[in-house]
Amino acid sequence: MAQVEVRILGPVRIAGGDGVNPVASQRARAVLAALALRQDLVVSADELVEAAWGGNAPRTAAN
């Protein structure tokens, strides 16, 4: 598996084999943070939905 670096100081970016990519969407940053903070652990869809939308998730959020 390729190494991925999550950069959170300054603009949020992901650095990997294909270069450095910004993460502009607030929801995408929230999901990325939830995944980065639980490195090597399984993160459930419910946890990701909660990270992205909090208590205001649409019914289609799990999709």
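A 4.5 Å side-chain heavy-atom check between L35 and L48 finds at least one atom pair inside the cut-off.
The shortest heavy-atom contact between A51 and A34 is CB-CB, 3.9 Å. V49 and A57 get closest at one heavy-atom pair: CG1-CB, 3.5 Å. The two atoms that bring V42 and E47 nearest to each other are O-OE1, 4.2 Å, heavy atoms only.
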Evaluation steps, side chain to side chain contact (heavy atoms under 4.5 Å, CB included), between V20 and I14: CA-CA 6 Å; V20 178; I14 298 175; over 6 Å; no

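Atom CG of N56 is surrounded by 12 or fewer heavy atoms from other residues, nucleotides or ligands within 6.0 Å.
Between the side chain of R29 and the backbone N or O of V12 there is no donor-acceptor pair closer than 3.5 Å.
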